[in-house]
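Following: one structure in structure tokens, then a few remarks.
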Amino acid sequence: RSRNERRELWGQVMFLYHWAGAFSTLLFWLLFGSCLYWLIFIHGQTTIYLVQPTETQDVLFETIVITAMALKLFEVLVLIYQQTSVDVFLIDWERPKGRAAN
């Protein structure tokens, strides 16, 4: 029973791992697109019809950046755990040359 619960917990962690990776990538491209929009349309206007982001938009932007970074951090930590918890067992099949010293 204990192994089954651990396996179920690991399955849930892996679900969150994949979800966090996909969602943080989506947030990154959302932020990239919004920054590109502001860059192009604020600097390319001759008459002012689009101003800099308001305080509310700025707080929303910072929240999205922090959320994306936290999700990527979680993804990286799970990836590091996966890659460091692998056991490698090497077998040397080569026969020793010469005689062994007693």
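Applying the 4.5 Å side-chain rule to ILVMFWY residues, one finds I80 in the same cluster as V76. By the 4.5 Å side-chain criterion applied to Ile, Leu, Val, Met, Phe, Trp and Tyr, I66 is assigned to no cluster and stands alone.
In the hydrophobic clustering of ILVMFWY residues, with side-chain heavy atoms under 4.5 Å counting as a link, L27 and M69 come out together. Under the 4.5 Å side-chain heavy-atom criterion for grouping Ile, Leu, Val, Met, Phe, Trp and Tyr, F61 is connected to F23 within one hydrophobic cluster. Under a hydrophobic-cluster definition in which Ile, Leu, Val, Met, Phe, Trp and Tyr are linked whenever side-chain heavy atoms come within less than 4.5 Å, directly or via other members, L31 and L26 are assigned to the same cluster. A single hydrophobic cluster is seen to contain both Y81 and V13, as judged by linkage of ILVMFWY side chains at heavy-atom distances under 4.5 Å, directly or through other members.
Counting only residues at least two apart or on different chains, the salt bridge (charged side-chain N to carboxylate O under 4.0 Å, His left out) pairs with a member in residues 61-74 are K72-E75. A salt bridge (charged side-chain N to carboxylate O under 4.0 Å, His left out) check over residues 14-36, counting only residues at least two apart or in different chains, returns nothing. Pairs passing the side-chain hydrogen bond (donor to acceptor under 3.5 Å, both in side chains) check and including a residue from residues 9-24, sequence neighbours excluded, do not occur.
Checked against side-chain contact (heavy atoms from CB on, under 4.5 Å), E94 has the following partners two or more places apart in sequence or in another chain: D92, K97. Applying the side-chain contact (heavy atoms from CB on, under 4.5 Å) test to T54 and every residue at least two apart in sequence or in another chain returns T56, Q57. Not counting sequence neighbours, the partners of F32 by the ring-ring contact (aromatic ring centres under 6.0 Å, His included) test are W29. Looking at residues two or more places apart in sequence or on another chain, you find a side-chain contact (heavy atoms from CB on, under 4.5 Å) between T63 and V59, T67. Residues passing the side-chain contact (heavy atoms from CB on, under 4.5 Å) test with I40 are L36, sequence neighbours excluded.
Rounded to the nearest 0.5 angstrom, L71 CG and L16 CG are separated by 10.0 Å. In this structure, CG in L9 is found 9.5 Å from CD in E5, a value given to the nearest 0.5 Å. Distance check, rounded to the nearest 0.5 Å: OH of Y37 to CG of L39 gives 12.5 Å.
A 6.0 Å sphere centred on CE of M14 holds more than 12 heavy atoms belonging to other residues, nucleotides or ligands.
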